[in-house]
Amino acid sequence: MNNASGQQRKHTAESFAAELRRRIREGVKGYEAGAKLPTLREFAANGEENVARGVAEKAIDRLRAEGLIESRRGSGSYVRASRIPRTSPGRLAPEQWGRGLSIQAYDSANPPKAVDVTVGDVVPPAQVADALGVQPGDVVLSRYRRYVRDRRSVQIATAYLPADLTRGTRIEHTDTGPGGTYARLAEQGFGPTRFVERVISRAPTPEEINGVDGREGLGLRREGSLVFEITRQAYAGDRCVEVSLMVLDAEMYELVYSFPAS
């Protein structure tokens, strides 16, 4: 016998990570989404686990890097809650905002909520001005939002729109009304008919993590975190009527795209 004592072979970091990964994916009791995991000391003290504290620590670190586990300072390690789906192009269809529904609500029964909404005139970045067809130095309307789910910041976004389409409309208000900005544009005959999205994955900037100008940032929780940077251009016919710059916590989102084969 390889183990003369008859005891279960001690776990390595790899084998214990594989075991924890299985429990999480199968939803074993105590390892379902949102569950708090035993402490390293508790893992080591459990004779059935047969795992040393250092081994458990390495296994937890590995699953944290994979995004299956998140650590909360002063509280412990938890199984990460399910990711927030972001489904395109369905979420942007007129059938959604045209019926007075929010884009966020298309994706989830528990969608992130917009907070810290700030609206005002700004001189946009050069690439935004170019896309909107405004002259360098001209002002456009800016709409900044931070999105929160279960008290965690998951997205920051800024939308830019031509001033001639927003003056005197509800788009200038923090609450744009049923269906949001796109419904208000449609009321003027500029409802979006086409969207273009560019998505990249990158490291966050310090401002995106910590915030700037009194605004909170994403507050990403571990070194090596990544974000999705999404640039969306909305067109009404040939005219670009909105450019939206979004930064999403990549650990919290999954991007889902559905389109015909033709």
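Only this structure's heavy atoms are used, side chains among them; waters, hydrogens and symmetry mates stay out.
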(request) Considering only NZ, NE, NH1 and NH2 on the basic side and carboxylate oxygens on the acidic side, decide whether Glu42 and Lys36 come within less than 4.0 Å. (result) no
(request) Give a yes or no on whether the backbone of Gly211 and the side-chain of Arg215 come within a donor-acceptor separation of less than 3.5 Å. (result) no
(request) Check whether any side-chain N or O of Arg21 sits under 3.5 Å from a backbone N or O of Phe16 as a donor-acceptor pair, and report yes or no. (result) no
(request) Answer yes if Tyr160 and Ile156 sit in the same cluster of Ile, Leu, Val, Met, Phe, Trp and Tyr residues linked by side chain heavy atoms under 4.5 Å apart, and no otherwise. (result) no
(request) Run the salt-bridge test on Glu14 and Lys58 with the 4.0 Å N-O cut-off and return the result as yes or no. (result) no
(request) Please name the pair of heavy atoms, one in His173 and one in Arg143, separated by the smallest distance, quoted to 0.1 Å. (result) O-NH1, 2.6 Å
(message) Let me check something: do Leu37 and Leu63 share a hydrophobic cluster, defined by ILVMFWY side-chain heavy atoms less than 4.5 Å apart, either directly or through other members?
(response) yes
(request) Find out whether Ile69 and Ile24 are in side-chain contact, i.e. whether some heavy atom of one side chain is under 4.5 Å from a heavy atom of the other. (result) yes
(message) Measuring from atom CZ of Arg83 to atom OG of Ser108, what distance do you get when rounded to the nearest 0.5 angstrom?
(response) 14.5 Å
(message) Is there a side-chain contact between Leu141 and Asp121 in this structure, where contact means two heavy atoms from C-beta onward sitting under 4.5 Å apart?
(response) yes
(request) Please say whether more than 12 non-hydrogen atoms of neighbouring residues, nucleotides or ligands are located less than 6.0 Å from CG in Asp164. (result) yes
(request) Flag the pair Ile171 / Leu165 as yes when at least one side-chain heavy-atom distance between them is below 4.5 Å, and no otherwise. (result) no
(message) Applying side-chain contact (heavy atoms from CB on, under 4.5 Å) to Met252 and Arg152, what does each step give before you reach the verdict?
(response) CA-CA 10 Å; Met252 293 298 296; Arg152 177 171 177 173; 3.5 Å; yes
(request) State, with a plain yes or no, whether a side-chain heavy atom of Leu220 is found less than 4.5 Å away from one of Pro204. (result) yes
(message) Return the NZ to CG distance between Lys113 and Asp150, rounded to the nearest 0.5 Å.
(response) 8.5 Å
(request) For a salt bridge (charged side-chain N to carboxylate O under 4.0 Å, His left out) with Glu216, tell me which candidate from Arg151, Arg145, Arg146 qualifies. (result) Arg146
(request) Taking only Lys NZ, Arg NE, NH1 and NH2, and the carboxylate oxygens of Asp or Glu, determine whether Glu208 and Arg202 approach each other closer than 4.0 Å. (result) yes
(request) Indicate the atoms forming the closest heavy-atom contact of Glu197 with Ser88, along with that distance. (result) OE1-OG, 4.0 Å
(message) Using the rule that Ile, Leu, Val, Met, Phe, Trp and Tyr join whenever any side-chain heavy atoms are under 4.5 Å apart, tell me whether Phe190 and Ile103 fall into a single cluster.
(response) yes
(request) Report the C-alpha distance between Arg194 and Gln233 in whole Å, list the side-chain angles of each, state the deciding distance to 0.1 Å, and finish with yes or no for side-chain contact (heavy atoms from CB on, under 4.5 Å). (result) CA-CA 8 Å; Arg194 179 171 64 93; Gln233 297 180 358; over 6 Å; no
(request) Determine the minimum heavy-atom distance between Val243 and Ala131, stating which atoms define it. (result) CG2-CB, 3.8 Å
(message) Is any side-chain heavy atom of Thr158 closer than 4.5 Å to one of Val122?
(response) no
(message) Quick check against the 3.5 Å criterion: does Glu172 have a side-chain atom that pairs as donor or acceptor with the backbone of Gly168?
(response) yes
(message) Between Val148 and Ser153, is there a side-chain heavy-atom distance shorter than 4.5 Å?
(response) yes
(request) From the options Leu92, Asp107, Leu255, select the one residue that forms a side chain to side chain contact (heavy atoms under 4.5 Å, CB included) with Thr87. (result) Asp107
(message) Is the distance from the ring center of Tyr253 to that of Tyr147 below 6.0 Å?
(response) no
(request) Would you mind telling me which of Tyr235, Trp97, Tyr257, Tyr182 makes a ring pair (Phe, Tyr, Trp, His ring centres under 6.0 Å) with Phe195? (result) Tyr182
(request) Give the minimum heavy-atom separation between Val154 and Leu218, together with the two atoms involved. (result) C-CD2, 3.6 Å
(message) For the OG atom of Ser75 and the CD atom of Glu70, what is their distance to the nearest 0.5 Å?
(response) 9.5 Å
(message) Could you check whether any side-chain heavy atom of Val247 comes within less than 4.5 Å of a side-chain heavy atom of Thr205, counting everything from C-beta outward?
(response) no
(message) Does Glu19 form a side-chain contact (heavy atoms from CB on, under 4.5 Å) with Val51? I'd like the steps, not just the answer.
(response) CA-CA 11 Å; Glu19 173 59 20; Val51 58; over 6 Å; no
(message) Between Arg64 and Asp61, does any side-chain N to carboxylate O distance fall below 4.0 Å?
(response) yes
(message) Let me confirm one number: the OG1-CD distance from Thr169 to Glu187, rounded to the nearest 0.5 Å.
(response) 9.0 Å
(request) Flag yes if Val79 and Phe43 sit in one hydrophobic cluster, no otherwise; membership is Ile, Leu, Val, Met, Phe, Trp, Tyr, and two members link when side-chain heavy atoms are under 4.5 Å apart. (result) yes
(message) Is the shortest side-chain heavy-atom distance between Arg86 and Met246 below 4.5 Å?
(response) yes
(request) Check step by step if side-chain contact (heavy atoms from CB on, under 4.5 Å) holds for Leu20 and Ile60. (result) CA-CA 9 Å; Leu20 294 181; Ile60 293 294; 3.9 Å; yes
(request) Give a yes or no on whether Leu40 and Leu68 share a hydrophobic cluster (residues Ile, Leu, Val, Met, Phe, Trp, Tyr; joining criterion: side-chain heavy atoms under 4.5 Å apart). (result) yes
(request) Would you name the heavy atoms of Ala13 and Ala59 that are closest together and state the gap between them? (result) O-CB, 3.7 Å
(message) Restricting to non-hydrogen atoms, name the atom on Arg149 and the atom on Asn110 that form the minimum distance, rounded to 0.1 Å.
(response) NE-O, 3.1 Å
(request) Give, for atom OH of Tyr31 and atom CZ of Arg22, the distance between the pair rounded to the nearest 0.5 Å. (result) 9.5 Å
(message) For the CG atom of Leu161 and the CG atom of Leu185, what is their distance to the nearest 0.5 Å?
(response) 6.0 Å
